[in-house]
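Below you'll find the structure, written out as C-alpha cells, and then a few comments.
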Amino acid sequence: MKRLVIVSNRVPVPKEGLRPGGLAVVLHDLLALQGGMWFGWNGTTSADAETTPPQIQHAGGVEYATIGLTPAEHKHYYTGFSNSTLWPLMHSLPEFIHFERRELSTYWSVNERFCENLLPLLRDDDTIWIHDYHLLPLAAQLRRKGVNMPIGFFLHTPFPAPDMLAIAPDGGTFLRDMLCADLLGFQTSDDTANFIFAAQRTAGARLVAPDTLSFEGHTVRVGSFAVEIDPDAFARTAAEAVEAPELKQLRSSLAGRKLIFGVDRMDPTKGLCDRLAGYDRLLESYPIWQRNVTFLQIAAESRVDVPSYRALRQELEGMIGKLNAQRGQADWTPLRFLTRGSARRVVAGYMRQAQIGYITPLRDGMNLVAKEYVAAQDPDDPGVLILSRMAGAARQLEAALLVNPLDHDDLADALNRALGMPKAERRERWQACRTHLEGCTALGWGQAFLRTLEATVAR
C-alpha cells in the first residue's frame, strides 16, 4: 500500500494523552490506516527556524514532520498574506482584504521552504495530499523539483468567482500552480465551477472533459468533495451530554425559556454582527419573545494579530452591551456571549438543548457546525436549523430555514417562524436534513478523495 503524505499549514502534533479534534482526527485516522506522514508547521516561531531541520515525532502510528516559522514569516506569510489577503478573498469579502507585496514575497518563500524540507522525506511510492489556501503554490514547486508522484489538493474554503479572483495579486500564477496537481477537490459544485471557469479564462487551461482540465501538457481532474461529519457518533455524544453538570446548570438558568444557540470562531466571515442584529430585530418586531427566549453565542477568539479580527471584537462588544442594556430586564439577559471555547461534548449538549441552531455565515466553504446541530437533535422533539444560504452546507441541508445573512428582517422572521414551528413540521424538516447525513462519515470523505486520486493517476 502506498504511503500517504499529508501536507498542511498547521500540524496538530498530539501531546501526551491528548488527540487533536475535528478534521485533524480524520486526517490522523487516514494516515494511521494507510501508513504515512504529516508535514507542516508546528505552531512555533524562532529566529533560527529557517536553518532548523524538520522535527520528527511518532504518535498513534503516524509520523509527524514539522518545521517552525521565523517571527517575520509568521507576520507576513501567516497573519499577512494567508489570513489578511487570501482568506477574505476566498470568502468574497473584498472590504477585509489587506495586501502588501512583501507579504506576497514571504508567502512564496515559505511555500518554497516547505518544499525544500519535504523533498528529502519523500519516498518514490508516496501519495501526497496538500491542504488549503496557505499552500496554493506547493504542488507546482514540487513538480519543478522533479516530483512525479500523485499529488492531490483540497481547498477547505470557498473558491471565488473569477471577477473576485481578479483582485488577487498574481491570481493567474496561483491558478497555474494549482493545475500542477493531479486532483483538485472543492467543497461544492459552485466552487468547482468557479475554478474551472477561472482556469480557462485566466490561466489558459482547456476543458477536455466535464471534470478534467488540460494545461501545458498536464491534465488535472477537478471535483466536489463535501466534508462530512460522523453523525451517529456526534448524536451519541450529544445525548450523553444532556445530564452533564454544565447542561443541568444551563437548563436551570433558562427557567423554561427557549434557547437559540450559535457557535463559531470569532471571524469576519461568520456574520456575527448581522446575526446579533437579526436577533435584536426579532425582539423589536416580535415582542412576544421578550423574556421567553435566550440567545447563547459562543465565539472563540482567533487570529488576534489580524487587524480586522481585533476590530470585529470591538464592534461585537459594543453591540452586546447595547442589546442587553436596551432589551434586557432585571431577571432576563437576552444575549449570552462567550469568547472562550467549550469542550466538544458540552457544545454537543448545548446543541441538543437548543430549540434553534442559528448559523448565518456571510460565506463558508461548508460549515460542519450546521451538520452537527442536525445530528445532535432529539428525533422525537428536534430543534430547527436556521442556516445562511451562503454556507456550503446549505446545498445539502435544504430543509433548514435558509436565510440571507445580511437581511436582518429575514433573520428575525426566520427566528420567529422557528420558535413557533409545530412539532410535526420540525420533525419533517429535521428528518429531511438528517437523511442527507446518512451513510456519511468524515473518514469516508477522505477515503473518497484518495480513491478518486488513485483512479485519476491510473487512467
Side-chain angles (χ1 to χ4, degrees), residues 6 8 12 19-33 129 131-132 154-158 185-189 191 223-242 261-265 267 269-270 298 300 341-354 356-361 364-379 382-388 390-400 402 429-451:
I6 288 176
S8 62
R19 288 191 67 196
L23 187 62
V25 171
V26 179
L27 299 179
H28 172 277
D29 290 347
L30 277 169
L31 289 166
L33 279 173
W129 190 5
H131 287 261
D132 231 358
F154 186 81
L155 185 67
H156 293 266
T157 69
F186 302 91
Q187 295 275 24
T188 70
S189 58
D191 298 321
S224 305
F225 301 84
V227 176
E228 302 293 351
I229 66 167
D230 297 308
D232 294 339
F234 196 83
R236 288 192 296 271
T237 299
E240 292 167 0
V242 168
F261 180 66
V263 56
D264 302 272
R265 287 186 306 106
D267 186 298
T269 67
K270 299 302 181 181
I298 298 175
S342 297
R344 181 175 174 80
R345 68 170 182 84
V346 174
V347 171
Y350 289 161
M351 288 180 176
R352 192 174 180 91
Q353 176 70 38
I356 310 294
Y358 192 27
I359 304 165
T360 58
D364 226 335
M366 180 48 57
N367 197 297
L368 298 182
V369 171
K371 297 184 178 184
E372 290 174 340
Y373 178 79
V374 171
Q377 296 309 294
D378 178 353
V384 181
L385 173 62
I386 297 175
L387 179 61
S388 166
M390 305 308 293
R395 311 302 187 275
Q396 295 170 282
L397 306 178
E398 294 178 337
L402 301 182
R429 288 179 175 276
W430 174 81
Q431 186 60 63
C433 289
R434 186 65 171 84
T435 297
H436 281 283
L437 305 183
E438 291 295 337
C440 298
T441 66
L443 185 60
W445 160 80
Q447 291 173 325
F449 183 93
L450 293 175
R451 283 196 302 270

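Bear in mind that the values here come from a model prediction, so they are computed numbers and not experimental data.
- Shortest non-hydrogen contact noted between Ala391 and Pro361 is CB-CG, 3.9 Å.
- At distances below 3.5 Å, not a single donor-acceptor pair connects side-chain atoms of Glu228 with backbone N or O atoms of Leu443.
- Expressed to the nearest 0.5 Å, how far CZ of Phe154 lies from CG of Leu27 amounts to 10.5 Å.
- Heavy atoms only, all atoms of each residue included: Val26 and Ala442 are closest at CG2-CB, 3.1 Å.
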Could you walk me through whether Asp264 and Val369 satisfy the side chain to side chain contact (heavy atoms under 4.5 Å, CB included) test, starting with their C-alpha distance in whole Å, then the side-chain angles of each, then the deciding distance to 0.1 Å, before giving a yes or no? CA-CA 8 Å; Asp264 302 272; Val369 171; 5.6 Å; no
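- With rounding to the nearest 0.5 angstrom, the CZ atom of Phe225 is 10.5 Å from the CZ atom of Phe186.
- Formation of a donor-acceptor pair under 3.5 Å by the Lys371 side chain with backbone atoms of Met366 is not found in this model.
- Inter-residue side-chain proximity for Ser342 and Val347 is flagged as met; some heavy-atom pair is nearer than 4.5 Å.
- What you find for Tyr373 and Ile359 is that their closest heavy atoms are CB-CD1, 4.5 Å.
- Residues Pro231 and Cys440 share a closest heavy-atom pair of CD-O, 3.3 Å.
- Note that the CD atom of Glu240 and the CZ atom of Arg352 stand 10.0 Å from one another [nearest 0.5 Å].
- Taking NE2 of His156 as the start and NE2 of His131 as the end, the distance is 5.0 Å to the nearest 0.5 Å.
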Under the salt bridge (Lys or Arg N to Asp or Glu O under 4.0 Å) criterion, do Arg434 and Asp232 qualify, and how do the steps go? CA-CA 10 Å; Arg434 186 65 171 84; Asp232 294 339; 2.7 Å; yes
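- Between Ile229 and Ala375, the shortest heavy-atom distance links the atoms CD1-CB, 4.0 Å.
- Looking at Asp132 and Leu155, their side chains come closer than 4.5 Å, going by heavy atoms from C-beta outward.
- For Trp430 (side chain) and Gly383 (main-chain N/O), no donor-acceptor pair under 3.5 Å exists by modelled atom type.
- Take His436 and apply the ring-ring contact (aromatic ring centres under 6.0 Å, His included) test, not counting sequence neighbours, and it matches no residue.
- Looking at Tyr350 and Val263, their side chains never come closer than 4.5 Å, going by heavy atoms from C-beta outward.
- Side-chain N or O atoms of Ser224 include one that pairs as donor or acceptor with a backbone N or O of Thr188 at under 3.5 Å.
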Using the rule given for side chain to side chain contact (heavy atoms under 4.5 Å, CB included), can you reason through Thr441 versus Gln447, listing the C-alpha separation, both sets of side-chain angles and the distance that settles it, and then say yes or no? CA-CA 10 Å; Thr441 66; Gln447 291 173 325; 5.8 Å; no
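- For the pair Gln187 and Asp364, the minimum side-chain heavy-atom distance is 4.5 Å or more.
- Nearest heavy atoms, Gly446 versus Leu30: CA-CD1, 3.7 Å.
- One finds the CZ atom of Arg344 at 5.0 Å from the CZ atom of Phe234 (value rounded to the nearest 0.5 Å).
- Not one N or O on the side chain of Arg345 forms a donor-acceptor pair closer than 3.5 Å with the backbone of Thr237.
- The CG atom of Asn367 sits 13.0 Å away from the CE atom of Met390 when rounded to the nearest 0.5 Å.
- Ring-plane geometry between Trp445 and Trp129 is classed as tilted, the angle between the planes lying from 30 to 60 degrees on a 0 to 90 degree scale.
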